[in-house]
Amino acid sequence: MPTFAVTAALPGRAPEMLAAAGEVRARADAERLDRADLLALVEGVEVAVTMLYDRVDDELLDAAGPGLRGVSNVAVGFDNIDLAACARRGIVVTNTPGVLDDATADLAFGLVLAATRRLGEGERLIRERRPWRWGMGFMLGHDLRGARLGIVGLGGIGSRVARRGRAFGMEIAYAGRHDSPYAAHLGATRLDLDELLATADVVSLHVPLSAATHHLIDAHELGLMKPTATLVNTARGAVVDEAALVEALRERTIAAAGLDVFENEPEVHPGLLELENVVLVPHLGSATVETRAAMAELAARNAIAVAAGEEPPTPVKLPGAQPTRGDR
Ligand code: GLV
Ligand code: GLV
């Protein structure tokens, strides 16, 4: 029987699935393991089921030992995992794409609405018991109908945000390294990133964090955006240069932002906290009861397949590796 290390309590059917397939070593509570406990937990296991905050690097792989066959991350993102280190050791890495696309797109579109219609600012005004009255010019935002929604990365999540944008009467454009298979169905035009930023009324980011996308949106890129435009980030904080974003929002070179992710989570840039024109939520993209259960179950299926020496449902392509069935 294989042994699974599970670094946080999982919801739904995942615990019983893993228990039926092997021995489960997990902490009883859902608290975050500190590093020493994490390293002790993975020692000698076949598969580690990890959270997006667990750093999987040579140190952790050494602690696990030569019996480790796989790392099953309970997240679509895998920037917490050193893929090259896993590839060198022949360790399979899996993630949880697909099952969180709708929940994350809902949250992203919630941020689009909250930022363009100033919902956070309005809520604060009422809760602070500040005086207000309806007025023709009071707290105006911007229409979505007829506006251009610029999606950076038209994949599973980005395409679902685009679909929501269509329902609100938005025109869809996207930027990405490849033509997206979703584009035709959405009537989405592909632009280069600079043109997308210069012409979009709302920009929503849906690229994974990697060396290529770190600070993809920096001072220069923010400078291309319209002063009436809104930026939404539900991807990873470091895709945006947070300090440059604070400047752009403070100087109103862009109108607003909605952020679910931050460069140094759970820290939030103090400059953001002082601004009215940014909506801030604590990394809630996939945070629904149903979606978290689905993520945990997919991660369990991945872990069980890897432990059995089978092709897992959703492998991550490792550097230098041959394409697997999942890529085709
Ligand atoms: C959440 O941020 C995820 O990557 O699943
Ligand atoms: C707004 O509340 C309106 O009635 O137009």
Side-chain angles (χ1 to χ4, degrees), residues 6-12 14 30 32-33 48-57 60 70-83 86 92-112 151-161 176 204-217 231-240 242 257-268 279-303 312-318 326:
V6 184
T7 73
L10 297 177
R32 211 179 258 220
L33 286 171
V49 179
T50 52
M51 305 301 130
L52 55 81
Y53 51 73
D54 296 323
R55 195 162 32 80
V56 178
D57 54 8
L60 183 138
V71 174
S72 169
N73 213 37
V74 191
V76 66
F78 43 80
D79 49 286
N80 57 310
I81 300 175
D82 183 341
L83 296 184
C86 291
V92 178
V93 176
T94 64
N95 66 339
T96 63
V99 293
L100 45 58
D101 289 351
D102 281 302
T104 307
D106 286 346
L107 196 279
F109 216 81
L111 288 174
V112 171
I151 304 282
V152 181
L154 194 66
I157 298 170
S159 65
R160 280 164 179 81
V161 174
S204 192
L205 305 177
H206 302 289
V207 289
L209 176 62
S210 68
T213 61
H214 183 265
H215 285 192
L216 180 69
I217 306 300
L231 177 70
V232 167
N233 188 7
T234 54
R236 282 292 181 272
V239 174
V240 177
E242 216 163 70
L259 305 177
D260 186 39
V261 287
F262 303 91
E263 256 198 276
N264 298 306
E265 275 177 39
E267 305 301 325
V268 175
V279 180
L280 306 167
V281 293
H283 204 150
L284 299 178
S286 66
T288 69
V289 171
E290 299 80 4
T291 291
R292 285 289 164 80
M295 290 165 68
E297 284 172 29
L298 178 52
R301 283 169 50 214
N302 278 318
T314 52
V316 171
K317 189 154 82 184
L318 296 182

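All ligand and atom numbering here is 1-based and tracks the order in the structure.
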>> Suppose I only count heavy atoms of Ala75 and a 4.0 Å limit; which atoms of ligand 1 are within that range?
In response: 3 (C), 4 (O), 5 (O)
>> If the cut-off is 4.0 Å to any non-hydrogen atom of Leu100, which atoms of ligand 1 fall inside it?
In response: 5 (O)
> Considering only heavy atoms of His283, which atoms of ligand 1 have at least one such atom less than 4.0 Å away?
Replying inline: 1 (C), 2 (O)
>> Out of all atoms in ligand 1, which are within 4.0 Å of some heavy atom of Gly77? Include the element for each.
In response: 3 (C), 4 (O)
> Where do Asn73 and Thr96 land on the side chain to side chain donor-acceptor pair (under 3.5 Å) test, with the steps shown first?
Replying inline: CA-CA 7 Å; Asn73 213 37; Thr96 63; over 6 Å; no
> Hey, are His215 and Glu242 close enough side-chain-wise for a donor-acceptor pair under 3.5 Å?
Replying inline: no
> Can you tell which part of Val261 has a heavy atom less than 4.0 Å from ligand 1: side chain, backbone, both or neither?
Replying inline: neither
>> Checking side chain to side chain contact (heavy atoms under 4.5 Å, CB included) between Leu205 and each of Leu231, Leu216, Ile151, Val161, which is the one that passes?
In response: Leu231
>> To the closest 0.5 Å, what do you measure between CG (Leu107) and CD1 (Ile157)?
In response: 10.5 Å
>> To check your reading of the model: name the closest protein heavy atom to atom 5 (O) of ligand 1, its residue, and the distance in Å.
In response: Val76 N, 2.8 Å
>> Hydrogens and angles aside, do Asp54 and Asn80 bring a side-chain donor and acceptor to less than 3.5 Å of each other?
In response: no
>> Please classify the Leu52 to ligand 1 contact at 4.0 Å (heavy-atom distances, strictly less than): side chain, backbone, both or neither.
In response: side chain
>> If the cut-off is 4.0 Å to any non-hydrogen atom of Arg236, which atoms of ligand 1 fall inside it?
In response: 1 (C), 2 (O), 3 (C), 4 (O)
> What distance do His283 atom NE2 and Leu52 atom CG have between them, rounded to the nearest 0.5 Å?
Replying inline: 5.5 Å
